[in-house]
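What follows is a short report on a single structure.
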Amino acid sequence: MKPGIHPAHGPVVFRDRAANYAFLTRSTMTSDKTVEWEDGNTYPVVDVEISHVSHPFYTGTARVLDTAGRVERFERRYGRRGAN
């Protein structure tokens with residue numbers, strides 16, 4: 001790697017407030033807020049809205065769409081196709 005052209009990276013804690021979950025990784029992101037981690041060291045913390053713990057794709061709690069209900073509601077509103 002060429003020196004001086006890459007951003008500085010270091011340990012950062014990412015915290016998912018919705019799921020009350022945090023993980024330590026390396027990143028180029030920085031923050032003024034800090035948190036004391038399990039190892040006793042203090043690291044910058046970045047709050048995120050969604051992580052692999054709270055996202056429906058990963059948790060398996062995705063909503064099931066009521067497609068039959070949508071079709072029936074559409075037909076009631078606009079009429080059935082080919083009914084003439």
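Computed from a prediction, not measured in an experiment: that's the story for all the values here. Below, all heavy atoms of this structure are taken into account, side chains as well, without hydrogens, waters or symmetry copies.
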Measuring from atom NE2 of His9 to atom OG1 of Thr25, what distance do you get when rounded to the nearest 0.5 angstrom? 10.0 Å
Closest heavy-atom pair and its distance - Lys33, Ser31: N-OG, 3.1 Å
Thr34: which of Asn41, Thr42, Val13 passes side chain to side chain contact (heavy atoms under 4.5 Å, CB included): Thr42
Side-chain touch Leu24/Pro11, heavy atoms, less than 4.5 angstrom: yes
Atom CZ of Phe14 and atom OH of Tyr21: how far apart are they, to the nearest 0.5 Å? 12.5 Å
Hydrophobic cluster identity match, Tyr43 and Met29, side-chain contacts under 4.5 Å: no
Sole candidate of Val45, Val46, Asn20 that passes side chain to side chain contact (heavy atoms under 4.5 Å, CB included) when paired with Arg15: Val45
